[in-house]
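Step one of this worksheet: look at the structure below.
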Amino acid sequence: MTSPLFRGRPRRAGPHLAVRVAHAALGGAAGFVWLVLPGMTPPAEAPVAIITPSPAGGTVGTAAATAATAATDGDETSGADLVLPVAVVGAAGALAGYGYVRRRRRARSRTAPGAGRPGAPRAADAEAAAPAHGDGEAATAGYGEGDGDGVPGLVGAENRLLAAREELAFAEARGGPEAVAPWTRAVRDAEAELASAYAMRQRYDEGVPADAAERRHVLAGIAGRCQEVVRTLDAASAQWSVRAAQLPGALEVAEARFRELTARTPAVEATLSALHARYAPAALDAATGYPELAKDRLVLATTELNGARQASDLGRPTEATGHLRAAEGAIARAGVFLAETDRLARDLTEAARLVPAALTGAEAELAAHRAPAASGGAPHAAPLLLHADAVLAAVRAEVTSGRPYDPLELLRRVVRATEPLSAGESGVLAAAAHLAAADSLAAAEAFLATHREGVRVTARTRLAEARRLFARGNAATQADRVRADDLAREARASAEQDVRLRGHQSAGAQQRPDGQMG
């Protein structure tokens, strides 16, 4: 079935706000001119002096007439003098409003890939205009930052894959693994196709190939693979989507999962509180607020489940199916938030246990290089040894300080200090590098799964490359593990920035069957 998560995007109202600001500035300047206009308008008739005879035989009023004439001239002069200041103030206000509008537009364009190309649509507008899935075409999203060439389909295809995984999990809970085996194979085929597309995008970002014609060919290949991902998933989804007769059973499965997560949430909150008491705040950044976000998703799931029940009772299966899918999506994301908190607790515990052993292993690794470096046989090793010694000393001081620390970060520091001197194929340092990379990769994947509507193509590409390096397993070198860790952390940071810039889609906002975002 067609998931309701990706049928549309909220329209952006930025240009209308900018126009209103410019109109307000111009209107204010015009109003100010209008207020002072009476002072700038001379009287219709010049004042007439009254001549009164005087005892001296002269005239009284000549001086008065002269004074009146001078006063009139002065009024005209002062009114005329106001023209230039008023004009300056009005022009300054208009220019300020126009400048504000331009700055807002430039700021928005810098946040979207493809900005700066005349006539090129912003990524958000392209995503809103293009279908996510269901019509055999991949969504256009995530324009290339490097050469100004579009990279169509990667964002939409991966979002479709993430939604398919959620649907598959609920379908498997209803019918068992054997019943959904063809759908499972379709999801795996789509994963392999998307991984190839991301590998092509990573090389494209690195400037390979360099020839312009070949780069266009690469983009066409990426688009073709993304279309194949969507086609494969749509075909499988059409076979395994919930039918009207299956609605009662599907609702029972979703409600059971909902009750399980609701009951589990307090324990996860307690786990996070215990972690805050034991470790440094930086160690928990990846999961801070996740129990609250899980509860938010469960609240949405309650609304959608009630809507599905009501629509089913009223004999509206299509509407009921839409509500059910929205509920399943919210429940799945709540499950990710809770599971990620528990996963981080396990990784921190394992890292704290591994830090002393990693320090010992690092010392043994460095000792093997000290004698050749001291005899001048390995001159390049001497500065590396000095740096590694300083890092290990700082890590030991932090461990023995009695203050809370981040054990995963300490492992990273030990691994990076010794990586240039270590073979790293096995042993405690290899285990430390594997744990650090696995932690970063899991954190980035969880963030993408739960905030996918706001994450752009660059963060996804780096995450896919980290996933590729990490998947080498035992064949991976120490450098591969460190590189995978770096890429996963870079992907998480980039994804967080994307969501902050596009906050209306953060925290896994989902589209409900009525078209509103939940």
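Salt-bridge check for R468 with E465: passed, with a basic side-chain N closer than 4.0 Å to an acidic carboxylate O. At a threshold of 4.0 Å, the pair R185-D189 does not count as salt-bridged, since none of the basic side-chain nitrogens sits closer than that to a carboxylate oxygen. By the 4.0 Å N-to-carboxylate-O rule, E409 lies too far from R413 to be salt-bridged with it. Between R231 and E228 a salt bridge is recorded (basic side-chain N to carboxylate O distance below 4.0 Å). For D498 and R460, the salt-bridge test fails: no basic side-chain N is under 4.0 Å from an acidic carboxylate O. Using a cut-off of 4.0 Å between Lys/Arg side-chain N and Asp/Glu carboxylate O, R416 and E419 are scored as not salt-bridged. A salt bridge links E166 with R325: at least one charged nitrogen is closer than 4.0 Å to a carboxylate oxygen.
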Worksheet item: Between V414 and V355, does a side-chain contact (heavy atoms from CB on, under 4.5 Å) hold up when you go through it step by step?
Response: CA-CA 9 Å; V414 171; V355 166; 6.0 Å; no

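Between the CD atom in E167 and the CG atom in L324 there is a gap of 9.5 Å [rounded to 0.5 Å]. To the nearest 0.5 Å, atom OG1 of residue T461 and atom OH of residue Y204 are 11.5 Å apart. Between E191 atom CD and R467 atom CZ the span is 8.5 Å, to the nearest 0.5 Å. Note that the OG1 atom of T458 and the CG atom of L463 stand 12.5 Å from one another [nearest 0.5 Å]. Note: E340 CD to T450 OG1 = 8.5 Å, rounded to the nearest 0.5 Å. Atoms CG and CD, from L161 and E193 in turn, are 11.5 Å apart once rounded to the nearest 0.5 Å.
Without hydrogens or angle criteria, R160 side chain to V229 main chain gives no donor-acceptor distance under 3.5 Å. No donor-acceptor distance shorter than 3.5 angstrom exists from the side chain of S312 to the backbone of A308, with no hydrogens or angles considered. Without hydrogens or angle criteria, S401 side chain to E398 main chain gives a donor-acceptor distance under 3.5 Å. A distance-only check finds no donor-acceptor pair linking the side chain of S494 to the backbone of E490 [under 3.5 Å]. Although no hydrogens or angles enter the test, the distance criterion places a donor-acceptor pair under 3.5 Å between the side chain of R412 and the main chain of A436. With hydrogens and angles ignored, the 3.5 Å screen pairs no side-chain donor or acceptor of R278 with any backbone N or O of P404.
Between the side chains of T477 and D480, a donor-acceptor pair is found at a separation under 3.5 Å.
No option in R174, R165, R333, R297 other than R174 meets the salt bridge (Lys or Arg N to Asp or Glu O under 4.0 Å) test with E328.
Among residues two or more places apart in sequence or in another chain, the side chain to side chain donor-acceptor pair (under 3.5 Å) test is passed with R309 by E255. Under the side chain to side chain donor-acceptor pair (under 3.5 Å) criterion, R259 pairs with no residue at all, not counting sequence neighbours.
H434 and F470 have tilted rings, their planes meeting at an angle from 30° to 60° on a 0 to 90° scale.
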